[in-house]
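What follows is a short report on a single structure.
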Number of protein chains: 2
Amino acid sequence: MPKRENISMSVIRRLPRYYRFLKLLREKGVTRISSTELSAKLGLTASQIRQDLNCFGGFGQQGYGYMVDQLCTEIGNILGLSHAYKAVLIGAGNLGQAIASHLSFETEGFTLVGIFDNADAKIGRTINGLTVRNIDTLERFCNLEKPTMAVLCVPRSAVESLSDRLYALGIRCFWNFSHYDINMKYGDAIVENVHLNDSLMTLCYRITNDPMRTTK
Amino acid sequence: MPKRENISMSVIRRLPRYYRFLKLLREKGVTRISSTELSAKLGLTASQIRQDLNCFGGFGQQGYGYMVDQLCTEIGNILGLSHAYKAVLIGAGNLGQAIASHLSFETEGFTLVGIFDNADAKIGRTINGLTVRNIDTLERFCNLEKPTMAVLCVPRSAVESLSDRLYALGIRCFWNFSHYDINMKYGDAIVENVHLNDSLMTLCYRITNDPMRTTK
DNA sequence: TAGATTGTTAATCGATTAACAATC
DNA sequence: TAGATTGTTAATCGATTAACAATC
């Protein structure tokens, strides 16, 4: 049943969308859905959805469709959302604070166990139930808590040395919001570089080159 | 020279990365770079980079490579970054504040002209030089300023009515951080839905299914 | 049983890579 | 001129779509 091999990144990136939508349906009390209905709502083809889901196993019932609740749970399991991996967040600025709240009210896959900053003004403050710790205590904390993941909300200049430090502490998974890619530096690390600026520039491209508005 | 037709989305999504990297190079004083050097740094093939750039015109010099400064400027122009489109931001919570700062210190394509919120505690506060306005004054403000884009940093429940309101005010471009997709509702609107949670869940999938750590 | 809808294979489409002629 | 590297075409690879047999 777990065929799972060589799942392409494009499929993986669609899983959270499926999951979110199914969760919404479940909340609404919908029990059953067909790939055709799903496709209409998500703007994909029914074929693609069936193809995607079948990478992981046959979750549907022929002639009937998919059970919303079951499918949602299955995808949640595939994503590994119940693991509650321990995560630390570095940088308690606005973005850090926003992420910290985000994570807590939509705890999907991770538990935030520590927040760190180097500014005296931030240290000691409470964000979402966690006290902001002095970055100097990072080593002690990590050796004790053994977090799996680090969220980086620090300025570009701080990332390089910080990621080295975290890597040395055994962290192999980074959610990076700084404007500095930490891709492929460490062969065995998993990195998500989130570039909000890239998204903004893409938007800019799209307005600028929109056939609707370019008069020419 | 401007061949620009049917540029695929995958190419467009790579443009900001090129732009960022070239800007960095320029700051470092690098004047010349070949597609091969670029490819090594960006983790792409030289072929792909040349292919991408040639969608928009021949910016290189055969036998020599690309002028960093010129190429950076060209890509900036393609992206339309100098337009400084007027943008309003709705929702002055942590995320809104983070974005507002983001936009201002890395002004690429847009100028933030107004910030709005509905909470008395937020209204009147100053974020990055802009005073948070009462959401009730949105219509008056937009009729005057005619912003092009709206950044949505509001809870899911608020998005639907808010986007309708903004659409009615002539806004056709949305940068949406709420957990509610406003895709394809309005045929002529340009939308970037940023789902930070999707990125997080993808990360969770990748740790959970990492061949490095799954013992089995 | 008939109708519906999945699971899965085959066909198509598009994006990436390779190759090389053009040319600085 | 020789060396290097682009611009561009052709080949390959992978992802999406279409089709249909399996089956609930």
Side-chain angles (χ1 to χ4, degrees), chain A residues 1-15 17-18 21-22 25 30-72 74-75 78 184 202 205, chain B residues 1-18 21-22 25 30-75 78 184 202 205:
Chain A
M1 185 259 246
K3 334 185 166 181
R4 301 201 202 191
E5 242 176 272
N6 288 48
I7 309 288
S8 88
M9 208 54 194
S10 26
V11 174
I12 295 168
R13 297 249 169 232
R14 279 191 295 269
L15 290 180
R17 276 177 70 199
Y18 294 144
F21 188 71
L22 288 163
L25 283 179
V30 179
T31 55
R32 182 200 150 270
I33 194 154
S34 72
S35 58
T36 310
E37 289 171 277
L38 261 175
S39 73
K41 304 280 186 175
L42 291 168
L44 302 167
T45 63
S47 221
Q48 181 164 62
I49 291 173
R50 292 203 299 278
Q51 194 85 275
D52 283 353
L53 297 178
N54 267 81
C55 293
F56 303 98
F59 302 133
Q61 244 179 297
Q62 278 160 330
Y64 178 83
Y66 301 87
M67 303 288 284
V68 170
D69 181 50
Q70 189 214 327
L71 187 57
C72 186
E74 293 282 12
I75 297 180
I78 292 162
M184 66 201 134
T202 305
Y205 175 91
Chain B
M1 184 260 244
K3 335 183 166 181
R4 298 201 205 192
E5 242 176 89
N6 287 48
I7 309 288
S8 87
M9 207 55 193
S10 27
V11 174
I12 295 168
R13 297 249 170 232
R14 279 193 293 269
L15 290 180
R17 275 176 70 199
Y18 294 144
F21 189 71
L22 288 163
L25 283 179
V30 180
T31 54
R32 181 200 152 270
I33 195 153
S34 71
S35 58
T36 310
E37 288 172 278
L38 261 176
S39 72
K41 303 280 187 176
L42 291 169
L44 303 167
T45 63
S47 222
Q48 181 164 61
I49 291 173
R50 292 204 299 277
Q51 194 85 273
D52 283 354
L53 298 178
N54 267 81
C55 293
F56 303 98
F59 302 134
Q61 244 178 295
Q62 278 160 328
Y64 177 83
Y66 300 88
M67 303 288 284
V68 170
D69 181 51
Q70 189 214 326
L71 186 58
C72 186
T73 306
E74 294 280 13
I75 297 180
I78 292 163
M184 66 201 131
T202 305
Y205 175 91

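Numbers restart at 1 for each chain; the letters A, B, ... are given by sequence-line order, proteins then strands.
- Within the 4.5 Å cutoff, side-chain heavy atoms of Glu37(B) are placed close to those of Arg32(B).
- Interatomic distance, CG of Leu71(A) versus OH of Tyr18(A), reported as 10.0 Å (0.5 Å rounding).
- Rounded to whole angstrom, the span from the CG atom of Leu71(B) across to the P atom of dT5(D) amounts to 16 Å.
- We find that CD of Gln48(A) is positioned 14 Å from P of dG14(C), with the value rounded to whole Å.
- Closest approach to the Tyr66(B) side chain among dA19(D), dT6(D), dT5(D) is made by dT6(D) (side chain taken as heavy atoms from C-beta onward).
- Put simply, CG on Leu25(B) and OH on Tyr66(B) are 14.0 Å apart, with the number rounded to the nearest 0.5 Å.
- Rounding to the nearest 0.5 Å places CD1 of Ile7(B) at 6.5 Å from CD1 of Ile12(B).
- A donor and an acceptor atom never sit less than 3.5 Å apart when one is taken from the side chain of Ser8(A) and the other from the base of dA15(D).
- Remark: Arg50(A) is not in phosphate contact with dG7(C), judged by side-chain N or O atoms under 4.0 Å from OP1 or OP2.
- The partner of dG3(C), taking Watson-Crick or G-U wobble pairs whose two distances both stay under 3.5 Å, is dC24(D).
- Each of Gly65(B) and Ser47(A) lies near DNA chain D, and the nucleotide nearest Gly65(B) is the one positioned closer to the 5' end.
- Put simply, CG on Leu38(B) is 13 Å from C1' on dT5(D), counting in whole angstrom units.
- When the side-chain nitrogen and oxygen atoms of Arg14(A) are compared with OP1 and OP2 of dT16(D), one or more of them lie within a distance under 4.0 Å.
- As a whole-Å value, the separation of Asn54(A) CG from dC20(D) C1' is 15 Å.
- Checked against Asp52(A) for a salt bridge (Lys or Arg N to Asp or Glu O under 4.0 Å), the options Arg13(A), Arg14(A), Arg17(A) give a single hit: Arg14(A).
- Spacing between atom CG of Leu53(B) and atom P of dT6(D) amounts to 9 Å, rounded to whole angstrom units.
- At a threshold of 4.0 angstrom between heavy atoms, the contacts of Ser34(A) are confined to the sugar-phosphate backbone, with no base atom among them.
- Looking at Gln48(B) and Thr45(B), their side chains never bring a donor and an acceptor atom within 3.5 Å of each other.
- In this model, the phosphate group of dA15(C) is not approached by any side-chain N or O of Arg13(B) to a distance below 4.0 Å at OP1 or OP2.
- Among the atoms of the strands shown, only primed sugar atoms or phosphate atoms (P, OP1, OP2) are found under 4.0 Å from some heavy atom of Thr45(A).
- If you take CE of Met67(A) and C1' of dC24(D), they are 13 Å apart, rounded to a whole angstrom.
- If Leu44(B) and Gln51(A) are placed on DNA chain C by their nearest nucleotide, the residue sitting closer to the 5' end is Gln51(A).
- In this entry the distance linking CZ of Arg32(B) with C1' of dC24(C) reads 12 Å, nearest Å.
- A close approach under 4.0 Å does not occur between any side-chain nitrogen or oxygen of Ser35(B) and OP1 or OP2 of dT5(D).
- dA10(C): Watson-Crick or G-U partner is dT17(D), with both key distances under 3.5 Å.
- Gln61(B) comes within 4.0 angstrom of sugar-phosphate atoms only, judged by non-hydrogen atoms across all strands, and of no base.
- Summarising the geometry, the separation between CG on Asn6(A) and P on dC13(D) is reported as 15 Å, rounded to the nearest angstrom.
- The shortest distance between the side-chain N/O atoms of Gln62(B) and the OP1/OP2 oxygens of dG7(D) is not below 4.0 Å.
- For dA15(C), the base has no donor-acceptor partner in the side chain of Ser10(B) [N/O atoms by modelled type, under 3.5 angstrom].
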